[in-house]
Amino acid sequence: MTDTTILSLDWALRGGTVALLLLTAGMLWRGYGQLISARLGALFALGSAAYAICSSVGLQGQPHVWAFPLLALSAGNNVVFWLLASALFDDGFRLSPWHAAVWLALVVLGLAECLVGGTRILGIGLTLSSLAFAAVAIAQTVSSWRADLVEGRRRLRLFIVGASSLYIAATALSQLLTGPRPAPGANLIGALALMAIAGTVAWTLLRVSREQSLFVSTPATVAAAVAPSPPPAPPPEPVDAGLLASLERLMTVERAYRQDGLTIGTLAQRLDLPEYRLRRLINQGLGHRNFNSFLNHYRIEDAKAALADRAQTAVPVLTIAMDSGFSSLGPFNRAFKAETGLTPSEYRRLNTGIGEPIPDSASPISNPARGNLAAQ
């Protein structure tokens with residue numbers, strides 16, 4: 001196969017990839033544009049399209065001025081990918097100014113590499129940053145995968161984040177080993193891999209049922225989606241009322257949520273159920289999409305009752321947090337405020353008229369009832 005043929009195939013594949021990525025970005029923005037995860041997904045698709053153009057054989061090593069914005073956008077795409085993984089897997093994720101600062105720094109460095117002629121040190125630094133952000137995204141995927149209660153969404157997330165991470169890592173390693181201008185054959189393989197991932201993601205967004213979507217949206221927004229209506233999802237299996245009652249008893253009477261390090265596997269063992277059935281029970285029977293939010297619901301209700309009890313006004317907030325099942329004060333404060341809109345101390349004052357007499361930093365060991373409560 002001649003170099004001219006390889007170059008023609010490379011451009012054809014990249015052109016198809018760019019079209020698929022632009023379609024994906026439009027679908028996400030139109031169908032789920034109010035969601036942070038969908039906006040990041042659209043931005044990542046645009047950055048990937050820019051990368052598909054800039055990594056072609058004709059532009060590597062001798063970029064034109066018109067390509068500088070595309071090169072800068074593709075340089076910042078690693079940060080966007082990391083933020084996208086965070087938004088997909090962490091229900092409490094929020095964008096902050098320092099996220100934008102990290103993205104802008106990568107964009108400036110990418111643009112600087114173009115303007116100064118692509119110094120080797122700067123190129124290696126940008127390549128290593130790709131590996132670092134891919135590694136962080138993979139770590140987030142693995143650490144939060146088991147907490148997801150929507151089975152179909154778990155599989156889709158693993159593929160999209162996993163495949164994209166592997167592609168980024170493989171591309172970065174290739175650049176470190178072969179330099180910024182790989183052989184045309186290697187470039188063609190990269191174009192094939194990129195199109196395969198883009199095609200699968202676009203097909204998934206077009207065909208997957210809304211219940212299994214990576215993105216949760218309102219009915220009004222879903223109705224306005226640019227994508228064709230997906231096939232209706234099969235009706236969910238009826239929820240076993242007996243199992244649901246057993247789960248409720250385990251959580252409200254036995255207070256299993258107070259157990260240190262409670263996992264969905266441990267809870268499934270206590271109910272003598274396979275994990276997948278417990279996931280389905282919690283998701284379809286109680287409406288929770290994440291195991292941690294399911295636990296925190298009971299923990300926060302426990303803490304609210306203790307904070308509103310005038311007989312417990314001498315108990316420090318930290319002790320109440322630990323007794324409710326939280327391992328430290330920081331996560332408790334964040335979860336409590338997200339649930340109630342108030343800090344624990346504000347909630348206590350509002351319900352008892354009494355301030356916090358003991359510092360929140362008091363040792364949890366000071367509560368002699370903790371061991372008995374955790375064992376219940």
Side-chain angles (χ1 to χ4, degrees), residues 10-11 13-15 17-18 20-22 24-25 28 36 39-87 95-138 140 160-161 163-182 186-187 190-191 193-195 197-198 201:
D10 182 74
W11 271 107
L13 288 170
R14 292 177 187 277
T17 299
V18 169
L20 287 171
L21 289 168
L22 292 179
T24 301
L28 290 175
I36 292 176
R39 294 178 183 179
L40 288 169
L43 182 57
F44 179 65
L46 292 176
S48 298
Y51 172 78
I53 296 172
C54 296
S55 60
S56 63
V57 175
L59 288 179
Q60 288 180 344
Q62 46 183 1
H64 301 280
V65 174
W66 61 264
F68 284 1
L70 297 179
L71 287 164
L73 184 61
S74 64
N77 212 36
N78 299 315
V79 178
V80 177
F81 176 66
W82 162 57
L83 295 176
L84 173 61
S86 300
L95 284 175
S96 64
W98 74 268
H99 290 141
V102 174
W103 176 83
L104 184 60
L106 267 291
V107 168
V108 170
L109 289 174
L111 190 58
E113 185 187 22
C114 301
L115 295 176
V116 301
T119 62
R120 183 64 174 160
I121 294 179
L122 185 55
I124 291 176
L126 290 171
T127 300
L128 290 176
S129 74
S130 301
L131 286 172
F133 286 115
V136 171
I138 291 174
Q140 290 173 333
I160 291 177
V161 177
S164 300
S165 296
L166 289 174
Y167 179 82
I168 291 173
T171 302
L173 288 172
S174 175
Q175 291 176 353
L176 287 174
L177 295 174
T178 64
R181 300 187 65 180
N187 235 42
L194 187 59
M195 187 172 188
I197 294 173
V201 171

Fill in: Any Leu73 side-chain heavy atom under 4.5 Å of Asn77 side chain
no
Ignoring hydrogens, what is the shortest heavy-atom contact between [X] and [Y]? Give both atom names and the distance.
| X | Y | answer |
| --- | --- | --- |
| Gly76 | Trp103 | O-CD1, 3.1 Å |
| Gly41 | Leu84 | N-CD1, 3.6 Å |
| Leu106 | Ala75 | O-CB, 3.6 Å |
| Ala50 | Leu70 | CB-O, 3.5 Å |

Item to complete: Please work out whether the ring planes of Trp82 and His99 are parallel, tilted or perpendicular, with thresholds of 30° and 60°.
Response: perpendicular
Discussion item. Working note: Leu46 + Leu21, criterion side-chain contact (heavy atoms from CB on, under 4.5 Å); need CA distance, chi angles, decisive distance, verdict.
Written reply: CA-CA 7 Å; Leu46 292 176; Leu21 289 168; over 6 Å; no
Worksheet item: Roughly how far apart are Ser48 OG and Ile53 CD1, rounded to 0.5 Å?
Response: 11.5 Å
Worksheet item: Any donor-acceptor pair under 3.5 Å linking the side chain of Arg14 with the backbone of Ala52?
Response: yes
Worksheet item: Phe44 pairs by side chain to side chain contact (heavy atoms under 4.5 Å, CB included) with which of Val80, Leu83, Asn78?
Response: Val80
